[in-house]
Amino acid sequence: MDFVCERGTPLVQTTGGAVRGYRYRGLDIFKGVPYARARRFHAPEPARWQGTLDATSYGCVCPLLRLGKPSGELLVPHRYWVQDEDCQNLNLWTPACDGARRPVLVWLHGGGYTDGSSIEQLAYEGGALARWGGCVVVSLNHRLNLLGYLDLSDFGPEYENSGNNGGSDIIAALQWLRDNVAAFGGDPDNVTVFGQSGGGAKITTLLQTPAADGLYHKAVILSGILPAHLPDARGSGRPCVEAMMRELGVTDVRALETLPYAMLAEAYSKVVPALAAEGVNVGRTPHRNAFYLGDPMEVGFRPETLDVPLVAGSVFGEFMAFGGLGLDRAAMSAADGRAAVERWLGPDAAAELLPLFAGAYPDRNPADLLFADTDCRLPTLDYLRRRAAAGGRVYNYLFDLDFPLEGGRVAWHCADIPFFFHNTDLVPIAQIPGVTQRLQTEMAGALLAFAATGSPNAGGLPAWPALTAGEEATLCYGAQTRVCRGFDRAFLEAFAPYTAELNRRVFQAMQVEMQH
């Protein structure tokens with residue numbers, strides 16, 4: 001039977017109460033299950049309810065600071081959902097609630113620490129991966145922005161860790177899974193956390209948070225090692241909180257717990273730009289303290305987590321690839337490409353960089369140099385090299401694929417997500433004849449192999465060696481998946497000094513184009 005939703009089927013008893021989901025196409029599906037509740041700015045507490053909870057609808061997502069305007073839907077198909085502070089809920093897809101011990105994969109959504117949700121992108125749907133891979137897939141919502149990361153610790157012990165409430169929510173979800181996932185057919189002793197962009201950064205945060213130890217056993221970071229964009233919040237949040245209070249006309253910090261969120265968001269958005277420019281902790285990223293120990297590249301990797309195998313990677317173009325620079329790559333000759341590089345970077349930079357790029361990417365048009373990411377790939381390589389030197393087992397990948405848009409577009413930030421989730425059928429632009437199905441099988445297969453065994457080596461892939469302190473081995477997913485060794489570092493290090501100015505000019509050009 002394709003669909004079942006009866007009073008007692010599927011029904012699971014959890015530590016919070018009974019939940020009823022529905023069965024569809026070979027999966028038991030539960031949506032919007034509360035794993036915690038919390039007062040504003042306070043630590044999460046276990047959620048409990050009376051009777052049987054109807055878990056057939058997605059739960060509310062965390063309120064955002066501003067309403068998004070739909071755009072770029074071909075590149076990253078989105079959807080929007082009801083926002084409410086009661087947002088600590090999760091979604092779960094399982095082949096059966098039968099007591100089997102299947103690998104559990106827990107998805108942490110992107111959007112930095114301020115935006116996004118568990119269902120924001122169409123490709124976040126966990127059903128295809130659970131069905132194809134015979135695993136349990138979980139996605140979750142947690143507090144974001146000022147609700148999840150505003151530091152009020154100077155205002156009393158009840159707010160001691162308010163600057164990390166978003167991370168505390170994630171830990172509460174993992175604790176809920178530890179206590180309940182066996183009833184859904186999952187193995188609480190085999191949990192893999194995986195996330196992209198801000199979701200990947202949340203995994204680097206978990207690894208540096210002692211309270212999370214033992215709640216997950218493997219980790220996969222997609223384009224999430226971004227220190228320049230998501231640095232630790234340091235110091236006191238008092239200046240930010242007091243500026244908000246002045247803007248709101250209140251003198252008691254507890255008034256911030258009850259004012260409408262929209263008022264807080266408006267006041268916060270007004271005061272943050274100037275404070276952030278001064279280096280004040282404005283609560284947009286995790287707060288370095290006794291709970292979260294800080295970026296391991298600055299404070300060192302915690303030895304307690306070095307036994308957690310880690311896969312981390314990025315995509316070829318990341319943020320630069322969202323714009324095409326007006327280039328028709330399909331019609332460009334190599335000479336045209338070299339001329340484009342000279343036009344954007346100048347002849348001296350082109351003379352330095354083009355030979356290095358050709359050595360790293362001999363099959364690419366020289367113009368693709370302009371889109372190459374350094375913001376994520378270089379920090380990821382450095383992070384993995386340091387973690388390997390400390391004793392960790394780490395693997396690196398690069399998603400290096402072109403897509404059929406406006407003469408061809410190199411892979412952009414988020415472009416790899418549908419492939420890992422086995423969801424390319426939901427994303428029209430991902431349809432590349434002769435490539436999509438094979439690549440999706442490779443990437444989802446490697447993810448599932450890693451979740452099951454701690455090694456991403458799966459059938460159909462070339463042998464994927466671990467990255468070591470002495471050798472940067474990278475699995476390059478693409479039209480022809482291959483293993484590359486130390487192939488692009490010289491180019492990336494030479495290109496990095498030029499990228500800030502290039503980004504500025506590209507953004508300026510995009511603004512002019514939008515005005516016309």
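The first residue of the sequence shown is numbered 1, and numbering continues consecutively from there.
A heavy-atom distance below 4.5 Å is not found between the side chains of C476 and T481. With a 4.5 Å cut-off on side-chain heavy atoms, L53 and P34 count as touching. Side-chain contact between E85 and P63 is present, with at least one heavy-atom pair separated by less than 4.5 Å. Between V427 and T424 the shortest side-chain heavy-atom distance does not fall below 4.5 Å. Counting heavy atoms from C-beta on, the side chains of E266 and L65 never come closer than 4.5 Å. For the pair V4 and Y24, the minimum side-chain heavy-atom distance is 4.5 Å or more. No side-chain heavy atom of R143 sits less than 4.5 Å from a side-chain heavy atom of L150.
Surrounding CD of Q50 are at most 12 heavy atoms belonging to other residues, nucleotides or ligands under 6.0 Å away. Under a cut-off of 6.0 angstrom, the local environment of CD in E45 is sparse, with at most 12 non-hydrogen atoms contributed by other residues, nucleotides or ligands.
For residues 67-101, the ring-ring contact (aromatic ring centres under 6.0 Å, His included) pairs, not counting sequence neighbours, are Y58-W81.
The main-chain N or O of D213 is never found under 3.5 Å from a side-chain atom of E304 such that the two would form a donor-acceptor pair. Judged by distance alone, the side chain of D151 and the main-chain N or O of G163 form no donor-acceptor pair under 3.5 Å.
Here R387 pairs with nothing under the salt bridge (Lys or Arg N to Asp or Glu O under 4.0 Å) rule; sequence neighbours left out.
Between F420 and Y397, the angle of the ring planes goes over 60°, which puts this pair in the perpendicular group of the 30/60° scheme. Ring geometry for Y383 against F301 counts as perpendicular: the plane angle is over 60°, on a 0 to 90° scale with 30° as the lower cut. Between H422 and W132, the two ring planes are parallel [angle under 30°; tilted spans 30° to 60°].
Between the CG atom in L177 and the OH atom in Y216 there is a gap of 14.5 Å [rounded to 0.5 Å]. Atoms CG and CZ, on L259 and R254 in that order, are 14.0 Å from each other to the nearest 0.5 Å. A distance of 8.5 Å separates CG of N145 from CZ of R66, quoted to the nearest 0.5 Å. Atom-to-atom distance recorded for M297:CE and I225:CD1 is 8.5 Å, nearest 0.5 angstrom. Atom CG of N180 is separated from atom CG of L90 by 9.0 Å, given to the nearest 0.5 angstrom. With values rounded to the nearest 0.5 angstrom, S153 atom OG is found 8.0 Å from E160 atom CD.
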Expected list for residues 105-116: side-chain donor-acceptor pairs under 3.5 angstrom, two or more places apart:
residue: H109; atom: ND1; partner: S117; partner atom: N; Å: 3.4
residue: Y113; atom: OH; partner: A201; partner atom: O; Å: 3.2
residue: Y113; atom: OH; partner: T205; partner atom: OG1; Å: 3.0

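For the side chain to side chain contact (heavy atoms under 4.5 Å, CB included) criterion with Y35, the lone passing option out of N141, D169, V138 is D169.
Close placement of the F184 and F30 rings is indicated, their centers lying within 6.0 Å of each other. Taking the ring centroids of Y149 and F41, they lie at or beyond the 6.0 Å cut-off. Between W412 and F403, the gap from one ring centroid to the other is short of 6.0 Å.
Geometrically, R23 does not engage F3 in a cation-pi contact, judged by NZ or CZ lying under 6.0 Å from the ring centre and within 45° of the ring axis.
Using a cutoff of 4.0 Å between basic side-chain nitrogens and carboxylate oxygens, R234 and E298 are scored as salt-bridged.
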